[in-house]
Amino acid sequence: MDVLCEQKRLSEAVEMLDLVDRPWAAMYSALIQLCLNQRSLKEGKRVHDNMKNSGYVPGFFISNRLLDLYCKCESLVDAQKVFDEMRERDLCSWNVMISGYAKVGQLYEARNMFDKMPERDNFSWTAMISGYVRHDKPKDALELYRAMQRHENLQCSKFTVSSALAASAAVGSLHLGKEIHGHVMRTGLDSDAVVWSSLCDMYAKCGSIDEARHIFDKTLDRDVVSWTAMIHRYFEDGRREEGFALFSDLLKSGIRPNEFTFAGVLHACADQTVEDLGKQVHGYMTRIGFDPFSFAASTLVHMYSKCGNIDNARKFFNGLPRPDLVSWTSLINGYAQNGQPYEALQLFELLLKSGMKPDHITFVGVISACTHAGLIDKGLEYFHSIKGKHGLEQTADHYACVVDLLSRSGRFKEAEDVINQMPMKPDKFVWASLLGGCRIHGNVTLAERAAEALFGIEPENAATYVTLANIYATAGKWGEVAKIRKNMDDREVVKEPGLSWTEIKRKVHVFLVGDSSHPMSKEIHEFLGELSKRMKEEGYIPHTDYVLHDVEEEQKEQNLSYHSEKLAVAFAIVATPPGTPIKVFKNLRTCGDCHTAIKFMSKIVERKIIASDNVQYDFGIEKTGATHILFSCKFIVGRGASALSPT
DNA sequence: ATAGGGTTAG
C-alpha cells in the first residue's frame with residue numbers, strides 16, 4: 001500500500017484497504033492525506049466508511065485530518081457529522097471547521113462555531129476575519145479585527161493584517177488602512193512580500209495610487225504578484241501609460257510575467273484598442289511560451305476582436321487546442337459587434353456541438369447577434385431556450401437584450417410586456433434599451449417613461465438627457481428640449497466630450513471636435529477640404545443629427561468644424577502610405593453624417609476604414625444614431641473602392 | 001490550518 005500511495009495510485013490503494021483485516025492508524029493517516037492532496041471526496045468517503053465498518057475509533061489526529069478533507073472538498077455536512085461524533089475536540093478541530101465554513105461562505109455557521117468554542121487562538125480569529133473579507137462583508141471583518149486587538153494576549157499575524165488591509169481597501173477607508181500600516185511597521189510584520197502587496201493594494205484601492213507605487217518601490221522581494229497587481233491598478237485608474245511603462249520595467253527586471261499579468265495587460269490593450277501593442281505582447285507570450293489552456297488565451301481573442309480585427313481573433317481561436325468558454329464568448333460577441341451576426345450564430349451552434357455549456361454572457365452575445373441581423377423571432381427563441389433547453393436562469397441582462405431586440409424593430413407592445421413580466425426589477429440597461437428603440441422610431445411617449453425610470457436610477461448620466469432631447473428635437477418639440485437643457489444645468493450634469501483616436505506606429509493620436517491642436521492639423525484640414533469637394537461630386541449630402549451640445553460646441557459646429565472621427569480618419573489617411581487600412585475609435589456615439597461621410601471617404605481614397613461607434617451601455621445596442629440604419633453594428637466598415645453600402 | 005494578482009457582456 002505504501003508503494004501505491006507513493007505512486008499516488010489512490011483508488012487502488014483504497015481498494016487494498018478493504019482487503020486488510022484490521023487496518024491501523026498509519027494506513028488511514030496516509031490514505032486520508034492522499035485523498036486530501038487529490039481533493040478526492042469519493043475515495044475519502046470510502047476510507048471513512050472502512051473506518052466505521054472495522055470499528056476503528058480515530059483520535060484527534062486522524063479525526064482532524066478527516067475534518068480537513070471534508071472541508072477542503074467543500075462537503076461541510078460530512079465535516080459537521082464527523083465533528084459532532086468526536087468525543088473530544090481540540091482547538092484545531094474547531095479551527096478547521098471555522099475555516100471550512102468561512103471559505104465556502106457559510107459565515108453564519110462559521111460565526112456560530114467561533115462564538116461557541118471554549119477558547120480561541122489567533123488562528124480562529126484570522127480564519128473568521130478572512131472569511132468575512134472573502135465574502136464581501138468587510139465591515140464585519142473590521143469589527144472583529146477591532147475586537148481582536150482588544151485582547152492583549154492575542155498577536156496579529158501577517159495573515160491577520162493582510163485580511164484587515166483587504167477589508168479596509170474594500171470599504172475604501174484610507175484612515176483605517178494607514179492605522180494598520182502603522183501597526184504593521186511597529187510589530188515588525190513588514191518583512192513579508194504578501195503583507196507589502198496587501199498594503200500596496202489597500203492604498204491603490206483607496207485612491208492613493210501614488211502612495212501605492214511608493215510602497216511598491218520600497219518592497220524588497222517583489223514577486224510577479226506584486227508587479228501584476230501594481231500594473232493592474234494603474235490601468236484601473238486610467239493611467240495606462242504608467243501601466244504599460246511598469247510592464248516594460250517588469251520585462252527588464254528578469255521576473256517572468258505569467259498569465260495573470262498578460263491578461264491584465266491585454267485587457268488594457270483591448271480597452272485602449274491598441275492592437276499593435278497587443279500584438280507585441282502576443283509575440284512576447286509566444287516567445288516565452290504560454291499555456292494555451294489558460295485564460296491568457298481568451299484575453300487574446302478578446303483583444304483582437306475588441307480592436308476590430310475579427311479575422312485575427314478567429315485565426316488565433318482556431319489555433320487553440322481547446323478554447324475555453326470565455327474565448328468562445330469573446331469571439332461570438334466579437335462577430336456580433338463586427339457586423340457579422342450570422343457568423344456569431346454559426347459559432348454558437350458549433351459551441352453547442354463541442355459539448356461546451358454556454359453561460360449567461362454567451363447568450364448576451366447570441367441575442368445581440370440576432371438583434372443586429374434583424375432576426376427577431378430567432379432572438380426570442382434563443383431567449384426562451386436559456387431557461388428551457390439550457391436550464392439557466394434568465395438574468396436582467398437577457399431581458400435588456402430582448403427589450404433591445406423588440407424595441408429596435410418597433411415592437412413596443414411586446415417590449416413593454418416583457419418588462420412588465422420581468423421577475424426582477426428592471427435595471428438601467430433594460431430602460432436604456434427601450435429608450436434606444438424609442439429614439440430609432442421616434443416614440444416620444446414611451447421614451448418619456450423610459451427616461452423617467454433612468455432619471456430615478458442614475459440622474460447623473462448625461463446620456464439619458466441627450467437621448468431624450470434628441471427624440472424631442474426630431475419630433476420638433478423644441479420647448480421640451482430647452483427644458484432638458486435647463487434640467488441638466490440645474491443638476492450639474494456634464495456631457496462627456498467626444499474623442500476619437502487612431503494608432504499609428506504604436507503612437508495614439510487623439511482628436512476632439514474642431515480640434516486644431518495636432519501638429520499636422522493644417523494638413524488635415526486642407527485634406528478634408530479637398531476631400532469634401534470630391535465627396536460632394538460623388539453624391540454625398542451633409543446632414544446633421546440634432547445633438548445636444550454646449551453653446552461653444554454649437555458655434556464650432558456652425559463654423560463647419562469637423563467632428564473628431566472625421567479628423568482622425570483624415571489624419572490616418574495623410575499619415576499612412578496609400579492602401580493602408582485605417583482604424584479609428586471613438587468613445588461616444590458616431591453621428592449619422594459621419595457614418596455616411598466615412599463610407600464616402602473610404603471609397604474615394606480606396607482604403608479600408610473601420611471606425612468604431614462606441615455607444616455607452618446607456619443606449620443598449622443602438623450603434624448608429626441614424627434612424628435609417630436599423631440593424632447596424634458596432635463598427636462602421638468602409639470597404640474601400642469596391643463597394644459603398646447603401647445606408 | 002489562516003493572507004496578495006486575471007479574462008468574456010450589458
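Chain identifiers are assigned alphabetically (A, B, ...) following the order of the sequence lines, protein sequences preceding nucleic acid strands; residue numbering begins at 1 within each chain.
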### Summary
Sorted by number, residues from residues 214-232 of chain A placing a heavy atom under 4.0 Å from DNA chain B are A:D223, A:V224, A:V225, A:S226, A:T228, A:A229, A:H232
### Nucleotide B:dT8, atom P - distance to CH2 of A:W328 in whole Å
19 Å
### Query
Just checking A:N258: base, sugar-phosphate only, or nothing, at a heavy-atom cut-off of under 4.0 Å?
base
### Query
Which residue pairs pass the side chain to side chain donor-acceptor pair (under 3.5 Å) test with at least one member in residues 61-71 of chain A, sequence neighbours excluded?
A:S29-A:R65, A:Q33-A:R65, A:H48-A:Y70, A:N64-A:D90, A:N64-A:S93, A:D68-A:K72
### Query
Taking only residues two or more places apart in sequence or in another chain, which ones pass side chain to side chain contact (heavy atoms under 4.5 Å, CB included) with A:V418?
A:Y399, A:V402, A:V403, A:L406
### Message
Students often get this wrong, so: under 4.0 angstrom with heavy atoms, is A:N95 touching a base, only sugar-phosphate, or nothing?
### Response
base
## Note on the structure
Sorted by chain and residue number, the side-chain hydrogen bond (donor to acceptor under 3.5 Å, both in side chains) partners of A:R222 (sequence neighbours excluded) come out as none
## Note on the structure
To the nearest 0.5 Å, atom CE of A:M117 lies from atom CZ of A:R89 at 11.0 Å
### Task
Would you please name every residue forming a salt bridge (Lys or Arg N to Asp or Glu O under 4.0 Å) with A:K158, sequence neighbours left out?
A:D192
### Summary
Applying salt bridge (Lys or Arg N to Asp or Glu O under 4.0 Å) to A:E275 and not counting sequence neighbours gives A:K279, A:K583
### Task
Round to a whole Å and report the spacing from NZ of A:K103 to C1' of B:dA1.
8 Å
### Task
Respond yes when some side-chain nitrogen or oxygen of A:H302 is under 4.0 Å from OP1 or OP2 of B:dT7, and no when none is.
no
### Task
With sequence neighbours excluded, tell me which residues meet ring-ring contact (aromatic ring centres under 6.0 Å, His included) with A:F216.
A:W227
### Query
For A:H267 and B:dT8, is the shortest distance between a side-chain N/O and OP1 or OP2 below 4.0 Å?
yes
### Task
Kindly indicate whether the side chain of A:S298 and the base of B:dT7 share any N or O donor-acceptor pair separated by less than 3.5 Å?
yes
### Query
Of all residues at least two apart in sequence or in a different chain, which pass the salt bridge (Lys or Arg N to Asp or Glu O under 4.0 Å) check with A:D140?
none
### Task
Return the value, rounded to whole Å, for the distance between atom CZ of A:R134 and atom C1' of B:dA1.
13 Å
#### Entry: d(CG, A:N461; P, B:dG10) in whole Å
16 Å
### Message
Using whole Å, what does the distance between atom P of nucleotide B:dG10 and atom NE2 of A:H360 come to?
### Response
12 Å
### Query
Which whole-number value in Å describes the distance from A:F429 CZ to B:dA9 C1'?
9 Å
### Task
Report which part of the nucleic acid A:D324 touches: base, sugar-phosphate, or nothing (heavy-atom distance under 4.0 Å, all strands).
nothing
### Summary
Only one of A:V195, A:L199, A:V194 passes side chain to side chain contact (heavy atoms under 4.5 Å, CB included) with A:V161, and that residue is A:V195
### Task
Please report, rounded to the nearest Å, how far the P atom of B:dT8 is from the CG atom of A:N338.
16 Å
#### Entry: Close residues, residues 194-202 of chain A, relative to DNA chain B [heavy-atom separation under 4.0 Å]
A:V194, A:S197, A:S198
### Task
Measure from NZ on A:K357 to P on B:dT8 and round the result to the nearest Å.
24 Å
